[in-house]
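Working notes, beginning with the structure itself.
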Protein chains: 2
Amino acid sequence: MSRVATTADAFNAVGEPSRRDILNYLVLQERAVGEIVSTLRLGQPSVSKHLRVLRDVGLVHVRRDGRRMMYRTNAEAIKPLHEWTGTFERYWKQQLHRIKDRAESETGK
Amino acid sequence: MSRVATTADAFNAVGEPSRRDILNYLVLQERAVGEIVSTLRLGQPSVSKHLRVLRDVGLVHVRRDGRRMMYRTNAEAIKPLHEWTGTFERYWKQQLHRIKDRAESETGK
DNA sequence: TTGACATATTCCGATACGGGTATATGTTGA
DNA sequence: TCAACATATACCCGTATCGGAATATGTCAA
């Protein structure tokens, strides 16, 4: 037994930089594959494969328009990631306060 | 040329489920490696390796305490991920409104 | 100094991944 | 029906990754 799944979850899907680029691009507006290819300067098969991964985890939606496939980001699928990272918010705020407090007590010395 | 870096960035580091578990655990309190191993039921070398990845991207801090190494989550390193996912917030809110509006107009019909 | 303890590193095998090339599939318009 | 177009899939290569076993490194206590 070796590596577990991976592409089967949104956290992992988003770990790939090109896929984040694609999500950033597709959230603004629905786009055809060819537009993604030329805008992001990636190979067409590469883009199709990234889209397949994103689709499998629900991060994008597709719609056929004639012979083109129109993709768009499904922002809701990103919500869980935002929520998970958000559970750490109180901790980084604490850390900032500690740093700030220490700085103030030092200047006040 | 093949796969790019990966372990060299926080997004990817967090893509691994065990590493998320470790971060969740270490944010509550500083812990020794052995505690992580027994609490999360993972192999010791495996944990050490995950910790090395997390450390390299700044997601955890270490401190030596005698012969033990005490790790804790560096919440601040998670902030960029929270911010990136946050850029999608307005879009999922829009989607929710659209869904809500449609539901209301349908019941009102 | 030595043995026990705690952690890190190395090595291995199986597999997943990403990019590229070639090819298959599906759709349109003539 | 057929050629052009748009996208998806299959395949290959080189590499990354994960887990586990074995081993190395570092630290303490006697």
Side-chain angles (χ1 to χ4, degrees), chain A residues 1-23 25-26 29-73, chain B residues 1-23 25-26 29-73:
Chain A
M1 209 172 308
S2 282
R3 203 196 269 194
V4 73
T6 172
T7 280
D9 118 331
F11 282 93
N12 209 302
V14 152
E16 171 62 36
S18 296
R19 287 197 285 257
R20 286 198 298 280
D21 292 344
I22 292 173
L23 291 174
Y25 182 54
L26 295 181
Q29 178 183 337
E30 192 186 46
R31 299 283 189 179
V33 178
E35 296 179 279
I36 306 174
V37 169
S38 53
T39 302
L40 302 186
R41 307 299 201 78
L42 297 169
Q44 177 266 310
S46 200
V47 168
S48 280
K49 278 182 277 188
H50 283 312
L51 289 170
R52 151 66 65 181
V53 171
L54 292 172
R55 191 145 82 84
D56 286 347
V57 301
L59 280 164
V60 297
H61 285 152
V62 212
R63 174 176 80 81
R64 181 179 280 286
D65 171 41
R67 45 187 140 178
R68 297 184 310 160
M69 297 294 266
M70 305 302 291
Y71 285 86
R72 70 190 160 82
T73 297
Chain B
M1 210 172 305
S2 282
R3 202 196 270 194
V4 72
T6 172
T7 280
D9 119 330
F11 282 92
N12 207 301
V14 153
E16 171 61 37
S18 297
R19 288 198 283 259
R20 287 199 297 279
D21 292 344
I22 291 173
L23 289 174
Y25 182 54
L26 294 181
Q29 178 183 337
E30 191 185 48
R31 298 284 190 179
V33 177
E35 295 180 280
I36 306 172
V37 168
S38 52
T39 302
L40 302 186
R41 307 299 200 80
L42 298 169
Q44 177 266 309
S46 199
V47 168
S48 281
K49 279 180 277 189
H50 283 311
L51 289 170
R52 150 67 64 182
V53 171
L54 293 172
R55 191 145 82 83
D56 286 347
V57 301
L59 280 165
V60 296
H61 285 153
V62 213
R63 172 177 80 80
R64 182 178 280 287
D65 172 40
R67 46 186 139 176
R68 296 184 311 161
M69 297 295 266
M70 306 301 293
Y71 285 86
R72 71 191 160 82
T73 296

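Values reported hereafter were calculated over all heavy atoms of this structure, with side chains retained and with hydrogens, waters and symmetry mates removed. All figures in this text were calculated on a predicted structure; none of them were measured in a lab. Proteins come first, then strands; the chains are lettered A, B, ... in the order of their sequence lines, and each starts at number 1.
Mapping Val53(A) and Arg68(B) onto DNA chain C by nearest heavy atom places Arg68(B) closer to the 5' end of the strand. Of the two residues near DNA chain C, Gly66(A) and Met70(B), the one whose nearest nucleotide lies more 5' is Met70(B).
As a whole-Å value, the separation of Arg55(B) CZ from dT7(C) C1' is 11 Å. What separates CG of Asp65(A) from P of dG26(C) is a distance of 18 Å, to the nearest Å. In this structure, Arg67(A) places its CZ atom 15 Å from P of dA3(D), rounding to the nearest Å. In this entry the distance linking CZ of Arg63(A) with C1' of dG26(C) reads 17 Å, nearest Å. If you measure from atom CE of Met69(B) to atom P of dG26(D), you get 11 Å, rounded to the nearest angstrom. The CD atom of Glu16(B) sits 17 Å away from the P atom of dA16(D) (whole-angstrom rounding). As a whole-Å value, the separation of Ile22(B) CD1 from dC18(D) P is 11 Å. Straight-line distance from the CG atom of Asn12(B) to the C1' atom of dA16(C): 13 Å, rounded to whole Å.
Within the 4.0 Å cut-off from OP1 or OP2 of dA6(D), not a single side-chain nitrogen or oxygen of Tyr71(A) is found. Distances shown here put every side-chain N or O of Arg64(B) at or beyond 4.0 Å from the OP1 or OP2 atom of dG26(D). Look at Arg52(B) and you'll find a side-chain N or O under 4.0 angstrom from OP1 or OP2 of dT9(C).
Only one option out of Leu26(B), Val47(B), Leu54(B) pairs with Tyr71(B) in a side chain to side chain contact (heavy atoms under 4.5 Å, CB included); it is Leu26(B).
Between the base of dG19(C) and the side chain of Lys49(A) there is a donor-acceptor pair shorter than 3.5 Å.
Under the 3.5 Å distance criterion, the side-chain polar atoms of Arg31(A) are left unmatched by any main-chain donor or acceptor of Ile36(A). A distance-only check finds no donor-acceptor pair linking the side chain of Arg19(B) to the backbone of Val14(B) [under 3.5 Å]. Checking side-chain atoms of Arg55(B) against main-chain N and O of His61(B) turns up no donor-acceptor pair under 3.5 Å.
Legend: salt bridge (Lys or Arg N to Asp or Glu O under 4.0 Å) pairs involving residues 59-68 of chain B, not counting sequence neighbours, sorted by first then second residue: Glu30(B)-Arg63(B), Asp65(B)-Arg68(B).
For the contact set between residues 37-48 of chain A and DNA chain C, defined by any heavy atom under 4.0 Å, the members are Pro45(A), Ser46(A).
Atom CG of Leu40(A) sits about 6.5 Å away from atom OH of Tyr25(A), to the nearest 0.5 Å.
Backbone-only contact: Arg19(A) has heavy atoms under 4.0 Å from sugar-phosphate atoms and none from a base.
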**OP:** I would like to know whether Val33(B) and Ser48(B) meet side-chain contact (heavy atoms from CB on, under 4.5 Å); could you show each step before the answer?
**Re:** CA-CA 7 Å; Val33(B) 177; Ser48(B) 281; 4.2 Å; yes

